[in-house]
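Below is one structure, written out as structure tokens, with a few remarks after it.
All values below were derived from every heavy atom in this structure, side-chain atoms included, with hydrogens, water molecules and symmetry-related copies excluded.
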Amino acid sequence: RHRCGNLPMSHFPLKSIEVELEVKDHVATVVSTLNYQNQEDKPLEAVFVFPLPGDAAVCHFSAKIGQTQIVAEVKEKQQAREDYDDALSSGQQAFLLEESEQSPDIFTLSVGSLPPGESASIRLEYITELAVQADDGLRFSLPAVLNPRYKPQGTEAATVQVTSVPASQIPYSLSFSARVSSPRPVSKVESNCSLDPLQYLNKEQTQATVKLAGGHKFDRDVELLIYYKDAHQPTAVVEAGQASAKPGSLMGDPVVMLSLYPEFPESAMSSLSSCGEFVFLMDRSGSMGCSTSHSKPEETRIGSARDTLLLLLKSLPMGCYFNVYSFGSSYQHIFPKSVEYSDQTLEEAVKKVEEMTADLGGTEILQPLKHIYNQPCIPKQPRQLFVFTDGEVSNTKEVINLVKKNSGSHRCFSFGIGEGASSALINGLAKKGRGHAQFITGADRMQTKVMQSLRFALQPAVVDISIKWDLPKQVSATVLSPPITTLFQGQRSLVYAQLTGKSSEGAQGSVTVNYKLAGQPSKTQLHFSLKPAEDTGLTVHRLGARVLIRSLEMEEREDRGEKGEAVKEKVVELSVKSGVSSSFTAFIAVNKSDGKPIEGPLIHRNVPTPSKCFLNQLIQSSDCITHSFKNVQNWQFYGTSQLLPFPASNFERFEANEHKLPRRDPFLQLVSLQKASGCWLLDPALAAALGKTSEELDQSKPASVKEEVWATILALIWLHASKTDSKGEWELLSLKAVSWLRTQNAPCVECVDAANTLLGCKVQRDVLGL
């Protein structure tokens with residue numbers, strides 16, 4: 001196969017992508033059609049590397065050439081590759097779809113032996129569950145951006161090679177439409193991209209459609225936030241088995257999907273923990289110097305993360321321990337080991353955080369994680385790990401494996417920053433680390449999402465979680481999901497189970513989740529009908545198979561011996577029977593019609609994928625580059641040299657000065673001045689943050705009041721009056737300030753009145769919590 005040389009963008013074989021999304025309650029089915037055409041004078045092979053959600057169950061792959069439709073089958077990966085190569089060698093057309101062995105959110109599609117002038121349509125279908133957001137919205141993301149993944153030095157595993165170009169140069173178009181249906185009315189659908197108006201399909205407004213406006217630029221992932229009129233309720237969906245499958249097998253038996261939303265007692269939720277070891281791990285690789293949003297190019301990922309980390313540090317409770325790590329090609333820590341939270345340690349940490357830039361090169365996250373886990377845990381201070389990264393690593397499974405091995409000693413909260421952050425990495429860290437994942441893209445305020453996670457971390461840990469099934473005598477449940485290891489207020493937990501045995505008409509079942517919260521036994525119960533739902537196809541079975549496949553894959557990685565081989569065989573068998581992809585299998589379709597063999601040398605074309613940051617920054621203008629790119633030879637590209645204005649080898653080291661930071665906004669200025677105890681000092685910096693002079697603050701202070709008390713009440717009044725819309729960001733540091741004020745026995749009535757007068761506000765004492 002001949003590799004491509006220079007090729008006009010208009011001649012790349014992929015012409016368009018059409019995506020149809022169907023959302024039923026919280027489950028999404030996505031059908032993508034990729035249209036290819038060979039405009040060259042020789043037959044070609046087109047290879048397209050693209051991202052999918054890391055937890056998607058890819059369950060259908062087919063090709064249409066002229067009037068011929070070929071449906072792919074799932075085979076063991078090496079066998080599928082051999083079948084593909086054999087087909088091309090004999091002049092047949094073949095199509096191969098395989099998942100990356102290192103990261104389940106990257107797929108490679110090979111379209112082989114497309115004759116000159118011929119067109120082909122590839123249909124790809126996958127299913128995924130939608131994550132619940134802090135505001136009860138359901139988040140769907142269609143990954144459009146695939147940033148180059150950093151391959152750590154010394155990594156032996158093969159890495160998928162990506163041809164990346166700036167989004168503006170992508171030669172194919174995207175059309176996207178969505179249909180949403182639920183038992184409850186659809187209240188609204190929001191997006192980070194331009195949408196045509198929402199169209200309701202019935203009077204009850206339980207069904208609606210929406211389309212992406214034309215002209216998508218591939219400069220961001222397509223994200224939808226779907227809102228239903230009632231808060232999420234616990235549900236159970238039972239799906240009948242496949243008639244052609246053997247009874248007693250996963251595909252032959254009914255499968256139930258349980259969606260659980262635990263509600264914790266108010267008394268337990270009101271007592272936030274005042275202890276813990278909080279470890280913050282900040283990505284400082286070169287790509288963190290990219291902008292977080294196309295609408296605010298001056299805001300960099302590292303800048304937003306830095307401001308957010310400041311807010312987190314100020315919101316920690318007195319009595320806890322903390323440390324801050326940062327990583328790139330190497331890693332650093334502020335303290336040799338976690339230290340007690342005090343004015344002195346907080347001040348030192350804040351000073352170092354404010355100096356952080358995206359200057360540490362690649363994305364070697366494994367080594368700092370190993371160092372953190374090697375530190376002994378502090379007695380009675382549960383470890384909470386917060387990871388901030390744009391997720392551009394190639395050894396995703398190795399990283400997640402390490403987190404899982406250490407999940408008994410900590411909880412991991414992960415934050416994917418910017419377009420193209422690996423969903424497999426971010427979700428995997430949180431899922432295996434018993435924590436919570438957040439994605440920050442577009443105009444999202446990072447602070448709001450991160451503070452929600454801190455509140456989760458400060459909630460009492462839910463322990464001793466167990467599930468009890470109550471089913472008719474002749475029916476038994478085999479749970480397909482890994483055991484539930486964490487529960488958070490208002491967050492959904494999903495359980496899949498195979499139901500074996502026959503049930504009578506109208507039979508009922510129930511499931512009870514027992515757990516302990518703040519030392520008190522508690523439970524969540526859900527009753528459900530065993531009657532199978534209609535019109536679900538095999539959606540629930542495939543999602544259940546996907547969950548089981550992921551668990552078995554992790555088990556295989558933990559044991560590479562004989563047992564691991566047996567597990568691998570089990571994964572292959574399950575993948576083939578369920579029609580759901582895995583890292584050990586691939587979809588293969590061969591056109592075996594009686595047409596003439598395709599003759600002549602086969603040209604190899606890599607279809608480019610949009611990259612939001614790395615190449616985009618380098619190609620467009622040196623003015624955009626705000627950071628150092630070190631060890632560039634470790635970034636995974638393929639065939640990019642013809643796309644660049646100068647050779648790729650020149651990138652071994654490219655440095656530029658970071659833009660001068662814009663003036664910090666008054667809110668962050670005020671936050672940065674708070675002491676560890678929760679109080680503020682009466683000084684010129686506070687006056688500046690409040691927009692006043694030191695003299696005005698001094699002259700308005702009631703005579704009998706201490707300076708720190710006066711300063712703290714001024715800060716609280718300003719927050720309540722000026723930042724009501726973002727209360728979630730400063731609520732914890734406000735509670736800390738109020739707790740400190742209560743220890744001072746200060747005359748609060750006089751102080752609040754004087755502060756309101758000075759600042760021109762009308763904030764009531766009870767609103768402050770005094």
Neighbour count above 12 (heavy atom, 6.0 Å) for E20 CD: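 Result for CD/E20: open.
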Would you find more than 12 non-hydrogen atoms of other residues, nucleotides or ligands less than 6.0 Å from K577 atom NZ?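 No, because the 6.0 Å sphere around NZ of K577 holds 12 heavy atoms or fewer from other groups.
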Chi angles and distances behind the ring pair (Phe, Tyr, Trp, His ring centres under 6.0 Å) call for F456, H436: CA-CA 8 Å; F456 283 154; H436 188 253; 4.9 Å; yes
Do [X] and [Y] touch side chain to side chain, with heavy atoms closer than 4.5 Å?
X    : Y    : answer
T206 : R184 : no
M257 : E239 : no
V222 : F140 : no
F415 : D283 : no
T209 : V180 : no
F439 : N427 : yes
S409 : C377 : yes
T389 : I417 : no

Which atom names give the shortest non-hydrogen contact between [X] and [Y], and what distance separates them?
X    : Y    : value
K432 : I400 : CG-CG2, 3.5 Å
F388 : F327 : O-CE2, 4.3 Å
S422 : D105 : OG-OD2, 2.7 Å
D25  : S182 : OD1-OG, 3.5 Å
Y228 : S181 : OH-O, 3.9 Å
A586 : L96  : CB-CD1, 4.1 Å

Report the C-alpha separation of L366 and L402 in whole Å, then their side-chain angles, then the decisive distance to 0.1 Å, and conclude whether the side-chain contact (heavy atoms from CB on, under 4.5 Å) test is met. CA-CA 8 Å; L366 204 60; L402 180 65; 3.9 Å; yes
If I take atom [atom1] from residue [X] and atom [atom2] from residue [Y], how far apart are they, to the nearest 0.5 angstrom?
X    : Y    : atom1 : atom2 : result
E73  : T585 : CD    : OG1   : 12.0 Å
S581 : R542 : OG    : CZ    : 11.5 Å
E101 : T396 : CD    : OG1   : 13.0 Å
L385 : I372 : CG    : CD1   : 5.5 Å
L138 : L225 : CG    : CG    : 9.0 Å
T512 : W469 : OG1   : CH2   : 10.5 Å

For [X] and [Y], does a side-chain donor sit closer than 3.5 Å to a side-chain acceptor?
X    : Y    : value
S100 : S103 : no
Q452 : Q438 : yes
S583 : E553 : yes

Passing candidate, side chain to side chain donor-acceptor pair (under 3.5 Å) with Y373, options H410, K405, R383: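 Only one of H410, K405, R383 forms a side chain to side chain donor-acceptor pair (under 3.5 Å) with Y373, namely H410.
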Main-chain N/O of [Y] paired to [X] side chain as donor or acceptor, under 3.5 Å:
X    : Y    : answer
Q384 : A457 : yes
S575 : V572 : no
S249 : A245 : no
D253 : G248 : yes
E76  : Q79  : yes
S423 : G54  : yes

Is the terminal nitrogen or CZ of R123 (NZ for Lys, CZ for Arg) located under 6.0 angstrom from the six-membered ring centre of F61 and within 45° of that ring's axis?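 No, R123 does not lie over the aromatic ring of F61.
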Given the ring of F584, does K568 sit roughly above its face, with NZ or CZ under 6.0 Å from the centre of the six-membered ring and within 45° of the axis?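 Yes; both conditions hold, so K568 lies above the ring face of F584.
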Could you walk me through whether M451 and L312 satisfy the side-chain contact (heavy atoms from CB on, under 4.5 Å) test, starting with their C-alpha distance in whole Å, then the side-chain angles of each, then the deciding distance to 0.1 Å, before giving a yes or no? CA-CA 7 Å; M451 295 312 292; L312 276 168; 4.1 Å; yes
Criterion side-chain contact (heavy atoms from CB on, under 4.5 Å) on L124 and V31, from CA distance to verdict: CA-CA 6 Å; L124 165 71; V31 177; over 6 Å; no
Determine whether F278 and F386 satisfy the following criterion, side-chain contact (heavy atoms from CB on, under 4.5 Å), listing intermediate values before the conclusion. CA-CA 8 Å; F278 296 87; F386 286 69; 4.0 Å; yes
Can you pull out every ring-ring contact (aromatic ring centres under 6.0 Å, His included) where at least one residue sits in residues 513-556? Sequence neighbours excluded, please.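 As it turns out, the ring-ring contact (aromatic ring centres under 6.0 Å, His included) pairs with a partner in residues 513-556, which skip direct neighbours, are F264-Y515.
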Salt bridge (Lys or Arg N to Asp or Glu O under 4.0 Å), paired with R550, selected from E556, E555, E99: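 Result: among E556, E555, E99, E99 is the only option passing the salt bridge (Lys or Arg N to Asp or Glu O under 4.0 Å) with R550.
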Give me the one residue out of E129, E223, E190 that meets salt bridge (Lys or Arg N to Asp or Glu O under 4.0 Å) with R139.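 Only one of E129, E223, E190 forms a salt bridge (Lys or Arg N to Asp or Glu O under 4.0 Å) with R139, namely E223.
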Are H60 and Y126 near enough that their ring centres are under 6.0 Å apart?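 No: the rings miss the under 6.0 Å criterion.
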Assess whether a salt bridge exists between K563 and E565, defined as any Lys/Arg side-chain N lying under 4.0 Å from an Asp/Glu carboxylate O.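 The answer is no: the pair does not qualify as a salt bridge.
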Which pairs would a plain distance check flag for residues 470-486, meaning a side-chain donor or acceptor within less than 3.5 Å of a matching protein atom at least two apart in sequence or in another chain?
from: Q474; atom 1: NE2; to: K502; atom 2: O; distance (Å): 3.4
from: S481; atom 1: OG; to: Y496; atom 2: N; distance (Å): 2.7
from: T486; atom 1: OG1; to: R434; atom 2: O; distance (Å): 3.3

Go through the steps for R81 and E98 under the test salt bridge (Lys or Arg N to Asp or Glu O under 4.0 Å), then give the verdict. CA-CA 9 Å; R81 286 172 176 169; E98 52 187 323; 2.8 Å; yes
